[in-house]
Structures are given as C-alpha cells and as structure tokens.
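Below: one structure, written as structure tokens.
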Amino acid sequence: MTKILNGNQLANEIKKEIVEDIKEKILKKNKRFPHLGIILTGNNYSSIKYVNNKIKECKNIGFKYTLIHLPKDSSEKEILNEINNMNKNPMIDGFIIQLPLEKHVNKNKIISSIDPKKDVDGFHPENIGKMILEMDSFFPATALGIITMLEKYNIQIKGKHSVVIGRSIIVGKPISILLSRNNLIGNSTVTIAHSKTPNIIYHTKKADIIVVAVGIPKFVTGEMIKNGSIIIDVGINNINETVIVGDVDFKSVYGKAAFVTPVPGGVGPMTRIMLLKNTLKAALNNR
Ligand code: GUN
C-alpha cells in the first residue's frame, strides 16, 4: 500500500497554527499583520503563476503583501533600487525576489543585497551559511516544507539513505543539507545527483528517500525505485493551461513506494505556507 502525503491538508493545519501565533504574538502588541514583499521581474509564465499563488495565500490568511512587478529589461541598478527600498521600509517584514532572473542580471549580486533579516526565502549567503552551520536562520521554503512534511507524518529519516536529484539553490542544495544535518529531523545519508550524474538509476534503486527537483515531467519511474521507498516530488511542470505534472511518474511508483507526494497538492502547498511561516518569523524577530 502506498500512502499519499497530503500537502494541502498539512498546510491547512499549519495555517491554523500561524493564525493562532498572529493573534497571540503579533496582534496583542500591535495591530499590523505580517507584511510580505515580492519583487517579480519579467513575464515568465511559471513565475507569474507562483507569485499569484503566493499572493492568494497571503490574502487567504490575512497577511499584507506588496508586489513590485518590473519589466523584463529592468537593469540590475533598477532591481537593486527596489531591493534597497524594501530593505529600508519598516512596514515590510520580509521579502523575496522571484527566480529565475533574466540573464543580464547577476543573480548572486541581487540575492546578496537583500537584508538577511528580511530574507524570507533564505537564499542570502548569510542564511545559507547559518543553515550549514546548524544555526538559526531562514530555511528555504521548499526544503523546510519537505522536512516539516516528513516530521508531521512521523517518517523516520535518521539513518536512511536519501537521494536528492537536482542541485539548485532553491531546492536541491538546501534539502540535502537539512536531510543530513545532525538534528532530530536529519541524520540521513545523502547522495546528490544532477544532470552530470551517470546512471542515476544505480543511485535511486538504493534510495530509501528520493527528493526529485529537476523540472522534467515523469522523470522518476517505478522501475527506478526500491520497494517501500519514500518519494518526494518537487516538480511542477505545466503541460498546458490546466494540466500540471510532477517530476515523478505517479502511476508507476504508486503501489511500489511506501509514501509519495502528489502533484498538485503535495510539496507545493507546503512551500507556500512555509514562506508565510518565515515571514511571520521575520515579523517576530524584526519588530
Ligand atoms: N522560483 C521557484 N521557486 C522559488 C522560490 O521558492 N523562491 C523564489 N524567490 N523564486 C522561486
């Protein structure tokens, strides 16, 4: 029997916890709800969709939000100017710049210019460094969402062999760090596979846990996995306006895996709620 990990249900439970925290820890002191800033550049279809979903989540829970949508050809200086405004604006608790950025922009320079105390995506070198050092910091939302999901479903990861497919700063790198850290939720042995890894199936066949974030529809199939494994699908591939598929061939792993996350309704809602959780954390830290 394969159990489906329900990200929608879990995200709703966490939403209730956030609402309680806002009542108890924020509204009793001042009447301002947490405020998330979003900087979006260009018209990338997926980015606009992600940002709209983040805004929907803010509205749903009562967070304030400010969206700055800059044109595709905005210069580095113009983007840095908006970041500087958000850094200085005391009404903004935390903010993100939606990735990917256009090719003419230096991504690392942009991310490094975000005030680490407002970096609710957790991509700033200071926050990444703190995460590696196992210090308190903002953890990137998708990685935090996956770890929280495993924790809430009481899935033991200590001692297990995890294979992370993909090494992006958004998902692959942070989740591999969190899975391997010496912590209650961690202590897994992690293999990181990527586009230059030959014979990926050799690794996935031996994995107790697979986290896949490669952006290739149905990349992981039933024949690549071990019986009883845990399959975490981070892929959101828009096949057309209405159909989204993950990086896992759900039908072929179903019945063989012990646990699998669906797409949609798995990691996606967890990512969105963790961004709000980080924004609440920023409001509590910074005010
Ligand atoms: N693009 C895809 N996922 C993310 C994310 O979690 N944060 C940002 N800033 N950009 C993204």
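Just so you know, ligand 1 is whichever comes first in the structure, and atom 1 is the first atom listed for that ligand. The model shown is predicted, which means the values in this text are computed figures rather than measured ones.
- Interatomic distance, CD1 of I200 versus OG1 of T191, reported as 11.0 Å (0.5 Å rounding).
- The hydrophobic cluster analysis finds Y45 isolated: no Ile, Leu, Val, Met, Phe, Trp or Tyr side chain comes under 4.5 Å of it, directly or through other members.
- Around ligand 1, the residues contributing at least one heavy atom under 4.0 Å from the ligand are Y50, K54, I97, Q98, L99, D121, F123, I170.
- Partners of Y254 under the ring pair (Phe, Tyr, Trp, His ring centres under 6.0 Å) rule, at least two apart in sequence or in another chain, are F250.
- The pair E57-K54 does not meet the salt-bridge criterion, since no charged nitrogen lies less than 4.0 angstrom from a carboxylate oxygen.
- For the side-chain contact (heavy atoms from CB on, under 4.5 Å) test, residues two or more places apart in sequence or in another chain that qualify with I55 are I38, V51, K59, Y65, L67.
- The number of heavy-atom neighbours closer than 6.0 Å to OH of Y153, taken from other residues, nucleotides and ligands shown, is above 12.
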